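What follows is a short report on a single structure.
These numbers come from a predicted model, not from an experiment. Sequential numbering from 1 along the given sequence is applied to the chain's residues.
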Amino acid sequence: MNEHVDAVLATAPGGHRAANAAAPAVEAARNPLLAALGERVRNLRAQRGLTRKAVAISADVSERHLANLEYGIGNASILVLQQVAGALHCSLAELVGDVTTSSPEWLLIRELLENRSEADLRRVRVALGELLGTASVDPARHRRIALVGLRGAGKSTLGQMLAEDLEVPFIELSREIETLAGCSVREIHDLYGTNAYRRYERRALEETIQIYSEVVIATPGGIVSDPATFNELLAHCTTVWLQAAPEEHMGRVAAQGDTRPMAASKEAMEDLRRILNGRAAFYSKADLSVDTSGKTLAQSFQALRAMARQSIGLNA
């Protein structure tokens, strides 16, 4: 069927009459994802006032290939899509339908934010929160201390010590997630998948925030992977990033007798570095940071204690 539709689209002048005549066949052959992609290409071409032939020449693809793409029956390679995006003077993200391209306002906002520094973007995020009414007005925020960072950073050990020093409850969010789910974190992932785990994580955090106005929370290392949950954490807790060198992360986890996170990888350290690099930009959004690299437990705790007490307004 596809060969027949391709031939009809390719041989008709402009493709329009053939497209109408072959509409039932096209509809039957189209994949919803490819159909949506084709519609975006047509719309972008129309917005720019370009003919199909002009775009095909500029993109260095055949007009037939472009017609197939526009009618949702051509599964173009990523390189072809990049060439078409260039011909349409848009980003690849806009072509494939990123949410920030879904309306003129999104596009205008994105244009204002492009090439801004991290500091500028943070100010914009805070200002937007105030404008939209989602900014934190939680008076207990400074009394909730949430520790973020990769496994092996010392969140559980230092968190427990800090909670005892401040005489407040200590909550390990992973345990709360397991209580809600009725099974281990590993089983949640294996049985229900990552999306289900993220839902339990969000619910556990929300319940912890509702119950405790004073608390120290040790968060899972991947909590930054879900922007909505991480925003919730930033809005209701004073966050502290516990940093450590990759070698120390690995050594501490191994010392606990648990190498499961990297058990299936022959390049464990490289994987760990990649994970740390990928999350560092998010961890850095924390209010405070303590580098535990090369420090004893006592030294790390003293640094954390001093920062936390200053943040809360207590004497060191």
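- Between Val148 and Phe282, every side-chain heavy-atom pair lies at or beyond the 4.5 Å cut-off.
- Not a single donor-acceptor pair under 3.5 Å links the side chain of Gln243 to the backbone N or O of Asp291.
- Checked by atom type and distance alone, the side chain of Ser58 never pairs as donor or acceptor with a backbone atom of Ala54 at under 3.5 Å.
- Note on Glu214 versus Arg143: salt bridge recorded, some NZ/NE/NH1/NH2 to OD/OE distance being below 4.0 Å.
- Around the CZ atom of Arg116, the shell of radius 6.0 Å holds no more than 12 heavy atoms that belong to other residues, nucleotides or ligands.
- The pair Glu207-Arg203 meets the salt-bridge criterion, with a side-chain N (NZ, NE, NH1 or NH2) lying under 4.0 Å from an Asp/Glu carboxylate O.
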Residue pair Tyr212, Ile171: steps toward the side-chain contact (heavy atoms from CB on, under 4.5 Å) verdict
CA-CA 10 Å; Tyr212 301 100; Ile171 297 294; 3.7 Å; yes

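- A salt bridge links Arg305 with Asp165: at least one charged nitrogen is closer than 4.0 Å to a carboxylate oxygen.
- Taken together through direct or relayed side-chain contacts under 4.5 Å among Ile, Leu, Val, Met, Phe, Trp and Tyr, Leu166 and Leu242 form part of one hydrophobic cluster.
- Residues Thr239 and Asp287 bring a donor and an acceptor atom of their side chains to less than 3.5 Å of each other.
- Salt-bridge annotation for Arg42 and Glu39: absent, with no side-chain N of the basic residue lying under 4.0 Å from a carboxylate O of the acidic one.
- Using a 4.5 Å cut-off on side-chain heavy atoms (C-beta onward), Leu37 and Leu81 make contact.
- Under a hydrophobic-cluster definition in which Ile, Leu, Val, Met, Phe, Trp and Tyr are linked whenever side-chain heavy atoms come within less than 4.5 Å, directly or via other members, Ile177 and Ile217 are assigned to different clusters.
- Listed for the Ser289 side chain is no donor-acceptor partner under 3.5 Å among the backbone atoms of Val240.
- Criterion: ILVMFWY side-chain heavy atoms under 4.5 Å apart, direct or through other members. Under it, Val80 and Val41 are part of a common hydrophobic cluster.
- Around CD of Glu114, the count of heavy atoms belonging to other residues, nucleotides or ligands within 6.0 Å exceeds 12.
- Residues Leu158 and Ser300 meet the side-chain proximity criterion, which asks for heavy atoms closer than 4.5 Å.
- Two residues are said to be in side-chain contact when any heavy atoms from C-beta on lie closer than 4.5 Å; Arg45 and Leu88 meet this criterion.
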Starting from the C-alpha separation in whole Å, work towards a yes-or-no answer on side-chain contact (heavy atoms from CB on, under 4.5 Å) for Gln82 and Ser77.
CA-CA 9 Å; Gln82 187 177 45; Ser77 71; over 6 Å; no

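- For Glu172 and Lys155, the salt-bridge test fails: no basic side-chain N is under 4.0 Å from an acidic carboxylate O.
- Contact of the His142 side chain with the Cys237 side chain is not registered, since no non-hydrogen atoms from C-beta on lie closer than 4.5 Å.
- The environment of CZ in Arg125 is crowded: more than 12 heavy-atom neighbours from other residues, nucleotides or ligands sit within 6.0 Å.
- By the rule that hydrophobic residues join a cluster once side-chain heavy atoms approach within less than 4.5 Å of another member, Leu66 and Leu44 end up as members of one cluster.
- Here the side chain of Gln299 pairs a donor or acceptor atom with the backbone of Thr296 at under 3.5 angstrom.
- Taking 4.5 Å as the limit, some side-chain heavy atom of Val185 sits within range of a side-chain heavy atom of Glu178.
- Counting heavy atoms from C-beta on, the side chains of His236 and Glu232 come closer than 4.5 Å.
- No continuous path of ILVMFWY side-chain contacts below 4.5 Å connects Leu112 to Leu121, so the two sit in separate hydrophobic clusters.
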Using the rule given for side-chain contact (heavy atoms from CB on, under 4.5 Å), can you reason through Tyr192 versus Cys183, listing the C-alpha separation, both sets of side-chain angles and the distance that settles it, and then say yes or no?
CA-CA 11 Å; Tyr192 309 114; Cys183 59; 4.3 Å; yes

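- You'll find the side chain of Met307 stays beyond 4.5 Å of the side chain of Gln310, heavy atoms only.
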Kindly determine whether Thr229 and Arg198 satisfy side-chain contact (heavy atoms from CB on, under 4.5 Å), including the steps that lead there.
CA-CA 8 Å; Thr229 303; Arg198 294 297 171 211; 5.9 Å; no

